[in-house]
Amino acid sequence: MAEAQEKDNTWVWVGFAIACIILLVVMLKKDETKHLASGAVAASNAEVDAKLAKKHAGIGANKVAE
């Protein structure tokens with residue numbers, strides 16, 4: 001009689017491990033970019049743009065006055 005072969009589940013476990021790693025990376029990236037949705041970055045960019053515009057306006061006024 002033929003002996004029953006045990007099924008090799010190695011590739012099933014490797015696939016499961018890869019899927020878990022991908023899921024973990026996606027979850028961490030989602031958490032890492034959470035602050036971008038709050039608008040804090042947009043507010044910071046607007047503040048920097050306003051300061052730069054004020055600085056450039058001051059430089060232009062000094063050159064005209066000379």
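Values in this document were obtained by computation on a predicted structure and should not be read as measured data.
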| request: Could you tell me which residues satisfy side-chain contact (heavy atoms from CB on, under 4.5 Å) with Leu28, sequence neighbours excluded, listed by chain and number? | output: Leu24

| field | side chain to side chain donor-acceptor pair (under 3.5 Å) partners of residues 10-20, not counting sequence neighbours, each pair once | value | Asp8-Thr10

| task | Drop me the distance from Leu52's CG to Asn45's CG, to the nearest 0.5 angstrom. | result | 10.5 Å

| remark: NE2 of His56 to CG of Asp49, rounded to nearest 0.5 Å, is 10.0 Å

